[in-house]
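Notes for the one structure printed next.
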Amino acid sequence: QQQVKQSPQSLIVQKGGISIINCAYENTAFDYFPWYQQFPGKGPALLIAIRPDVSEKKEGRFTISFNKSAKQFSLHIMDSQPGDSATYFCAASKNQAGTALIFGKGTTLSVSS
Amino acid sequence: GAVVSQHPSRVICKSGTSVKIECRSLDFQATTMFWYRQFPKQSLMLMATSNEGSKATYEQGVEKDKFLINHASLTLSTLTVTSAHPEDSSFYICSARDPQANIQYFGAGTRLSVL
């Protein structure tokens, strides 16, 4: 049973465009939703995270939108740049010490110049 | 700079040998660390949760005698792949949760190639 579903699997966006990646979760006990960026051969790096008490969080060009009733959250990358080309993973977990993150399958983003 | 250090970054070994991977939290004490495995173009799959001073908790399907985990201090967890075989070749990534910031940080990963 896949607890965190991520789409699309791959995405091609023109430079300057908006990249949108969506995730849906099943476990209503999840209350921490981070997004990670991973470049080839590197470990994932935290981009931005949200908790269910807010519906949106923005940091620079990155925004998370969160819909608790629909159990969905999405990442928006504004003004996408070639340097944003990477694999993006959404994740979810309970906000407790010792609780592992459950990852989506990832989205490979290519930003064309 | 990195807050979770993983070493080595790459290792090539012969079939049948054992390989140890270290994961250190640099800026905080981590009572819990996590070990993930990632195949090419796939997501991170949780292998085990490493608990300081106690036994690790392994995910279903992960052989605990194959993947030995030791979490001897609040800043160090090690994963030993025993009697490695080519099918163990993968990218292994550790992570640690900063309890104060409540953020999970990842190491840079270890590329294991078993010949």
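Chain naming here is simple, since letters A, B, ... match the order of the sequence lines and numbering starts at 1 in each.
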Would the number of heavy atoms belonging to other residues, nucleotides or ligands and lying under 6.0 Å from [atom1] of [X] be above 12?
X: A/E56; atom1: CD; result: yes
X: B/H7; atom1: NE2; result: no
X: B/K41; atom1: NZ; result: no
X: A/Q9; atom1: CD; result: no

(message) Heavy-atom cut-off 4.5 Å, strictly under: side chain, backbone, both or neither for B/L46 against chain A?
(response) side chain
Of the non-hydrogen atoms in [X] and [Y], which two are nearest, and what is the gap between them?
X: A/F89; Y: B/Q38; value: CZ-NE2, 3.5 Å
X: B/S43; Y: A/G104; value: OG-O, 2.5 Å
X: A/A100; Y: B/Y36; value: CB-OH, 4.0 Å

Shared hydrophobic cluster, [X] / [Y] (ILVMFWY, side-chain heavy atoms < 4.5 Å):
X: B/V3; Y: B/L44; result: yes
X: B/F91; Y: B/M45; result: no
X: A/I20; Y: A/L11; result: no

Using non-hydrogen atoms and a 4.5 Å limit, figure out which bit of [X] sits close to chain B: side chain, backbone, both or neither.
X: A/Q38; value: side chain
X: A/A49; value: neither
X: A/L46; value: side chain

(request) Evaluate the side-chain proximity of A/L101 to B/F106: yes if any heavy-atom separation is below 4.5 Å, no if none is. (result)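 They are in contact (side-chain heavy atoms under 4.5 Å apart), so the answer is yes.
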(request) Using a 4.5 Å cut-off on heavy atoms from C-beta on, say whether the side chain of A/F103 contacts that of B/Q42. (result)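 Not touching, per the 4.5 Å side-chain cut-off.
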(message) Out of A/P44, A/G106, A/S93, return the one with the most heavy atom pairs under 4.5 angstrom to chain B.
(response)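 When all of A/P44, A/G106, A/S93 are compared, A/P44 has the most.
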